[in-house]
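Structure, as structure tokens:
Computed over heavy atoms, backbone and side chain alike; hydrogens, waters and symmetry mates excluded.
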Amino acid sequence: MAHAQRSSPIFPEEPFFLDSSMKLIECVPNFSEGCRPEVVAAIRDAIAGVPGAHILDTSADASHNRCVITFVAPIDVVADAAFAGIREAQQRIDLTTHAGEHPRMGAADVVPFIPLEGATMEDCIALARALGERVGRELGIPVFLYERAATRPDRENLADVRRGEFEGIRAEIGTTPQRTPDFGPSAVHPTAGAVAIGARPFLVAYNVYLGPASNMPVAKEVAKAVRGSAGGLKYVKGLGFEVDGQAQVSMNLVDTEKTPLHQAYDMVRMEAEARGVTPTWSELVGLVPERVLFEAAARHVRLRNFSPDMVLERKVRTAISGGESVSEFVGSVASPSPTPGGGSVAAHAGALAAALAQMVAGLTVGKKKYVAVDAEMRELAVRAAGLGNTLATLVARDASAYAIVAAAYKLPADSEAQQSEKAARIDDALVHAAEVPLETARACAQVAELALAVAERGNTNAASDAGVAALLAEAGCVGAGYNVRINVSSLTDKGRGMALADEAKQLVSRARELARKTTEIVEKALN
């Protein structure tokens, strides 16, 4: 569970910069030490000592006798950094003399990997398995895989894996099938115990305080009412603790998209007030995605149709940084959200095609062999750059168009007048949502023309690049056409969309023919 945060971070870090093309992983290992700052610092320094690992937050609590270290690293070094922390904890923490409020099974108690930019849950599962094998083999610590990395259903829940804690697992491991570790020996390490290593979505550790310790019975009742395992909120784990003379409801929100922070707080408050107690304050332990706080704030002041894009600082960051990185865009597409979707991806494919056409033109300009087409290639490069900028804008415009459609579908329809107004607004939004990908299809068809031109008359050493440009332009045009047609098919007045759908089909046919001609030229050049 979440524990009280004493300082965040207790070790300030310098800013760091990462290559936007790399896969980025977050790791949040929990260690059974919160009373000795020098031990916490040693573990933290061991992790930070691995090149490429960056500490984001270190939180320690004496009541729980536990610390949580949050760090990020590229996928190729994150397991090494986690291993360094586990090894340091093994050398410095003795569970036979450890005592604290928080349940624990190991010196390094739990080590989860969380996918960030460009990474997937599958990446994190593979990391958990690789690290588990290494910890078992090199350190002699038994490893239990949990959450998404679990090899059996009864180990998906961390509480089930850790049941009985160090002492209980020490007595049962190697004697029952349920306690057979995934890696390492079938006996706990004498002092370091066992460790749970897993992969999971982003978890928010959140505590709500209910006043003095005399309210502990209420805190335990509320925690039971809130946690999903007892019939409360799904994706919430909760326990009641006494921390510094106060009653605390400690929660882990394991999926804030399905059970947001504000919902967890509201239920704690409702259950506590039903028992005559009012929450006094709450705290976050470690880091939290900004989306979680935006949602809580929007809910509190009842903002309608709130979007994080309304936040000034986000706009400024995007403008200054030059926009979203490729890995960020890929991660956004992979997320369980309808935007950015196929229309945005089609525009992005077209933008990449334009960039390749521009590259081939640039590789042709200034070469004596191609002096006859030098002026044409210079102009073509400018046209490609313009189309690329247009398509880059259409990536965002497509997502915005979908938001307008979604808002129209949410309009009230209690009366006939409202029903009529809603139907008209939906049709208007659908037409707009079809017009945006139609622009994408037009631009992609033009890019396909440029790809054919650079394949025919550009630098033959870059023929394959011209071919990829043609294929991407075709894919972007076809994908945009799909988005035109699906929006048109939802119109109440089908006649409003006929011309849009017809033009989209014509553009797709044109892009396909241009791509066919380009690939023939490329195949000839390659052979």
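Residues that satisfy the side chain to side chain donor-acceptor pair (under 3.5 Å) test with Glu513, not counting sequence neighbours, are Arg516. Applying the side chain to side chain donor-acceptor pair (under 3.5 Å) criterion to Glu26, with sequence neighbours excluded, gives no partner residue. Scored by the side-chain contact (heavy atoms from CB on, under 4.5 Å) test, Ala396 finds no partners at all (sequence neighbours excluded). In this view, Asp428 and Arg496 satisfy the side-chain contact (heavy atoms from CB on, under 4.5 Å) rule, not counting sequence neighbours.
The side chain to side chain donor-acceptor pair (under 3.5 Å) analysis of residues 383-400, with sequence neighbours excluded, yields the pairs Arg397-Glu439. Residue pairs meeting the ring pair (Phe, Tyr, Trp, His ring centres under 6.0 Å) criterion with at least one member in residues 336-383, sequence neighbours excluded, are Phe329-His348. Pairs of residues two or more places apart, or lying in two chains, never qualify as ring pair (Phe, Tyr, Trp, His ring centres under 6.0 Å) while including a residue from residues 494-527. Annotation: ring pair (Phe, Tyr, Trp, His ring centres under 6.0 Å) contacts involving residues 426-476, sequence neighbours excluded, are absent. Among residues at least two apart or in separate chains, there is no salt bridge (charged side-chain N to carboxylate O under 4.0 Å, His left out) pair with a member in residues 347-371. Pairs passing the side chain to side chain donor-acceptor pair (under 3.5 Å) check and including a residue from residues 76-86, sequence neighbours excluded, read Asp80-Arg134. For residues 437-478, no pair satisfies ring pair (Phe, Tyr, Trp, His ring centres under 6.0 Å), with sequence neighbours left out.
For the atom pair CZ (Arg137) and CZ (Phe183), the distance works out to 10.5 Å, reported to the nearest 0.5 Å. We find the CD1-CG distance between Ile69 and Asp45 to be 9.0 Å, quoted to the nearest 0.5 Å. Within the model, atoms CG of Leu526 and OG1 of Thr519 stand 11.0 Å from one another, a figure rounded to the nearest 0.5 Å.
Between Val447 and Leu391, the closest side-chain pair of non-hydrogen atoms falls below 4.5 Å. The shortest side-chain heavy-atom distance between Asn252 and Val236 does not fall under the 4.5 Å cut-off. Using a 4.5 Å heavy-atom threshold, the side chains of Phe202 and Val204 count as touching.
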Which donor-acceptor pairs under 3.5 Å do the side chains of residues 357-366 make with protein atoms, sequence neighbours left out?
| unit_1 | atom_1 | unit_2 | atom_2 | d |
| --- | --- | --- | --- | --- |
| Thr364 | OG1 | Val360 | O | 2.8 |
| Thr364 | OG1 | Asn459 | N | 2.8 |

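Taking a 6.0 Å sphere around NZ of Lys422, one finds it holds more than 12 heavy atoms contributed by other residues, nucleotides or ligands. Remark: Arg512 CZ is loosely packed, at most 12 non-hydrogen atoms of other residues, nucleotides or ligands lying under 6.0 Å away.
The shortest non-hydrogen separation linking Ile141 to Ile86 is CD1-CG2, 4.3 Å. The two residues Ala451 and Thr518 have their closest heavy-atom pair at O-CG2, 4.0 Å. Between Pro185 and Pro181, the shortest heavy-atom contact is O-CG, 3.4 Å. A pairwise comparison of heavy atoms in Ile486 and Ser489 identifies O-OG, 2.7 Å as the closest pair. The nearest pair of heavy atoms linking Cys444 to Ala346 is SG-O, 4.2 Å. For the residue pair Leu507 and Arg442, the shortest heavy atom distance occurs at CD1-CG, 3.5 Å.
Using a 4.0 Å cut-off between charged side-chain N and carboxylate O, Glu133 and Arg129 make no salt bridge.
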Task: Evaluation steps, salt bridge (charged side-chain N to carboxylate O under 4.0 Å, His left out), between Arg155 and Asp182 - done: CA-CA 10 Å; Arg155 289 185 183 166; Asp182 291 288; 3.2 Å; yes
